[in-house]
Number of protein chains: 2
Amino acid sequence: MTREDNRSRPATDRVGTICRALRRAIIEQALEPGAKLPEDALGERFGVSRTIARHALGQLAAEGLVELRRNRIAVVATPSWQEARDAFDIRIELERLVVRQLAGRLTKTQIAELHAHVDAEDEARNGPDAISIRLATEFHILLASMTESPILIRYVSEIAYRCCLTLSLFSRPHSSECAINEHRLLIDALAKGDADAVMSLMHHHLDSVASRALVAQTRPRGRDIMDILAPYAEPPADSLPARATARDRRLHRRQPACKVHTV
Amino acid sequence: MTREDNRSRPATDRVGTICRALRRAIIEQALEPGAKLPEDALGERFGVSRTIARHALGQLAAEGLVELRRNRIAVVATPSWQEARDAFDIRIELERLVVRQLAGRLTKTQIAELHAHVDAEDEARNGPDAISIRLATEFHILLASMTESPILIRYVSEIAYRCCLTLSLFSRPHSSECAINEHRLLIDALAKGDADAVMSLMHHHLDSVASRALVAQTRPRGRDIMDILAPYAEPPADSLPARATARDRRLHRRQPACKVHTV
DNA sequence: GGCATCACTATTGCATGCACTTTGATGATG
DNA sequence: CATCATCAAAGTGCATGCAATAGTGATGCC
């Protein structure tokens with residue numbers, strides 16, 4: 001009993017409040033990648049001291065949503081194209097695991113809940129993009145939460161947020177949200193209970209979301225200047241020697257050609 | 001360049017230092033699950049103020065290695081049996097992804113590095129358990145780091161630490177480290193380049209580690225007292241009502257019978 | 001003697017203050 | 001006029017101090 005109180009009633013969990021608020025602002029693109037997050041400002045906005053704001057930023061940095069640079073203002077993270085690709089790859093595996101655990105095990109109530117959520121997505125279809133994106137992301141988190149596995153829930157949420165963040169970087173408007181029907185298909189397959197089928201569905205669903213967003217390889221708005229200029233800079237001879245090679249190999253393997261030519 | 005400095009030379013990254021130290025202490029079982037981590041003590045030990053120690057604890061809590069309870073002393077996390085099982089399930093998927101990306105793509109140098117690591121494991125074979133366990137875990141992290149994918153590296157490290165933590169809870173001494181040969185097999189298969197084969201190997205490797213640790217279901221040393229006594233206490237009639245059912249279903253599905261009978 | 005209560009101590013929660021770093025603007029200089 | 005040094009403003013890094021809370025042992029009551 002006494003233990004439960006900690007979780008159900010977050011008492012005065014101000015750090016968590018700020019985290020949630022920022023997370024949401026980020027996935028709704030109210031805060032674009034690169035946006036500055038000064039501790040003072042956050043503290044003032046949420047009525048807390050810098051200490052708390054700072055702690056919250058630390059948490060979000062651990063989740064990969066914000067970037068913390070020493071002695072500099074924290075900013076909303078700007079994942080590279082490669083990181084985005086990696087994130088989606090991981091996400092696919094994790095969510096396959098989710099549906100594998102869930103297939104054929106959902107209660108009627110849960111299925112109704114899922115359908116209700118997709119209905120909400122449908123309604124938001126013509127509303128602002130930000131809401132659609134958030135709802136789509138939350139669908140996946142809702143799914144994960146039904147596994148009742150705290151670890152899985154956390155990882156899926158985290159990676160979903162990160163993917164969401166990359167969408168705001170690379171995806172062109174309206175490109176990411178033709179997926180509502182795929183959500184319905186997922187629910188149906190889950191109810192039916194064929195684990196392999198659902199896993200495959202989820203795989204393709206996420207794959208196509210990633211493709212729509214990433215294959216196009218639109219000019220990475222707001223991308224970090226150092227990365228953008230990397231291919232142009234002459235190697236200063238003392239830059240990372242061996243380690244870079246492996247990375248470069250991967251970059252070339254996966255990232256066809258048109259890296260920053262559009263700039 | 002300037003950016004790299006942040007990562008390569010941690011400047012005066014005291015939070016990170018404390019995190020690393022604690023992580024290591026935890027996986028070497030110098031700090032057992034449930035061990036108290038008072039901010040003062042940490043601060044004093046590492047020559048910093050509580051502020052820093054506190055921040056470090058926050059990070060570790062985000063990683064699931066320590067438990068933070070409001071107004072109470074932080075403790076090393078004590079994952080439940082179910083959480084352990086979940087962690088391993090996730091780990092399997094993530095590490096399958098690792099070897100899938102790595103199969104046939106490792107340089108000779110990297111393969112040598114891996115072999116060297118396993119040699120070290122071999123040497124530590126008769127040493128203290130703690131070292132063996134740490135080395136075994138670090139093998140997997142080394143593998144992950146060769147993907148050069150920061151996100152994947154982080155997730156694998158995190159989950160590997162968590163699994164390591166559960167081993168110290170559930171595994172009986174010496175039960176977890178007959179796996180050195182499996183590491184060698186993995187390396188060979190990676191060098192050979194058959195992705196499917198390596199994935200399968202990794203799957204079985206982790207599965208058997210998990211089984212050795214979890215199937216036996218040894219008396220959960222140091223487990224949370226409330227959980228241990230739960231099956232004995234008479235239901236006080238007002239205990240958690242509906243939510244528990246879904247969870248319980250899962251618990252019974254996966255966790256055969258002998259929950260705490262050995263106590 | 002057993003049990004509830006209370007006070008005390010250990011420890012966290014959080015804000016504030018000061019030192020240091022970065023940034024960017026301003027003015028000096030060639 | 002372009003370039004560089006200087007300096008103030010803004011912001012972070014971190015320690016410390018005070019209030020609040022949980023744990024613990026002592027006290028008194030039944």
Side-chain angles (χ1 to χ4, degrees), chain A residues 1-22 31 34-62 65-77 222 224-226, chain B residues 1-22 31 34-62 65-78 222 224-226 229:
Chain A
M1 320 224 72
T2 55
R3 312 180 62 222
E4 291 307 311
D5 287 350
N6 285 337
R7 302 175 201 175
S8 51
R9 193 189 322 139
T12 142
D13 177 13
R14 322 206 238 179
V15 175
T17 306
I18 299 183
C19 281
R20 275 188 297 277
L22 288 183
L31 288 171
K36 292 182 181 178
L37 302 170
E39 295 173 0
D40 297 334
L42 292 180
E44 192 178 353
R45 189 69 195 73
F46 289 94
V48 298
S49 83
R50 285 202 306 121
T51 310
I52 307 298
R54 183 184 186 72
H55 206 84
L57 287 174
Q59 297 297 306
L60 293 172
L65 285 187
V66 320
E67 240 167 90
L68 241 37
R69 304 113 91 212
R70 188 172 181 82
N71 278 320
R72 279 203 218 55
I73 304 181
V75 294
V76 176
D224 189 82
I225 189 68
M226 295 304 283
Chain B
M1 321 221 74
T2 54
R3 310 182 62 219
E4 292 307 311
D5 287 349
N6 285 337
R7 302 174 199 177
S8 52
R9 194 189 320 139
T12 147
D13 176 13
R14 321 206 238 179
V15 175
T17 307
I18 299 182
C19 282
R20 275 188 296 277
L22 288 183
L31 289 172
K36 292 182 183 176
L37 302 169
E39 296 174 0
D40 296 333
L42 291 180
E44 192 178 355
R45 188 68 195 74
F46 288 95
V48 297
S49 83
R50 283 203 306 121
T51 310
I52 307 299
R54 182 184 187 73
H55 206 84
L57 287 174
Q59 296 296 306
L60 292 172
L65 286 186
V66 320
E67 240 167 273
L68 240 38
R69 305 111 91 210
R70 189 172 179 83
N71 278 319
R72 284 213 244 342
I73 303 181
V75 296
V76 176
T78 44
D224 188 79
I225 189 70
M226 295 302 283
L229 294 183

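In the text below, chain A, chain B and the rest are named by the order of the sequence lines, each starting its count at 1. Heavy atoms only: backbone and side chains are in, while hydrogens, waters and symmetry mates are out. Since the model is a prediction, treat every value here as computed from it, not as a measurement.
Relative to the side chain of A:R72, the nucleotides C:dC14, C:dT23, D:dA15 differ in distance, and C:dT23 lies closest. Considering only the side chain of B:D40, C:dT11 comes nearest among D:dC14, C:dT11, C:dC14. Side-chain proximity of B:S49 to C:dC14, D:dC14, D:dA15: nearest is D:dA15. Nearest nucleotide to the side chain of B:R70, out of D:dG13, D:dC14, C:dG13: C:dG13.
Looking at which nucleotide of DNA chain D each of B:K36 and B:N71 is closest to, the 5′-most match is held by B:N71. Between B:T51 and A:P38, it is A:P38 whose nearest contact on DNA chain D lies nearer the 5' terminus.
Taking only side-chain nitrogens and oxygens, B:R14 comes nearer than 4.0 Å to OP1 or OP2 of D:dC14.
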Just do the side chain to side chain contact (heavy atoms under 4.5 Å, CB included) check on B:V48 and B:T17 with the steps written out, would you? CA-CA 11 Å; B:V48 297; B:T17 307; over 6 Å; no
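Annotation: side chain of A:L65 is not in contact with side chain of A:L22 (no heavy-atom distance under 4.5 Å). In this structure the side chain of A:V75 reaches within 4.5 angstrom of the side chain of A:R69, judged on heavy atoms.
Each of B:I18, B:L37, B:V15 was checked for a side chain to side chain contact (heavy atoms under 4.5 Å, CB included) with B:L57, and the lone residue meeting it is B:L37.
Residue B:R50 places a side-chain atom within donor-acceptor reach of the base of D:dG17, judged by atom type and a 3.5 Å distance cut-off alone.
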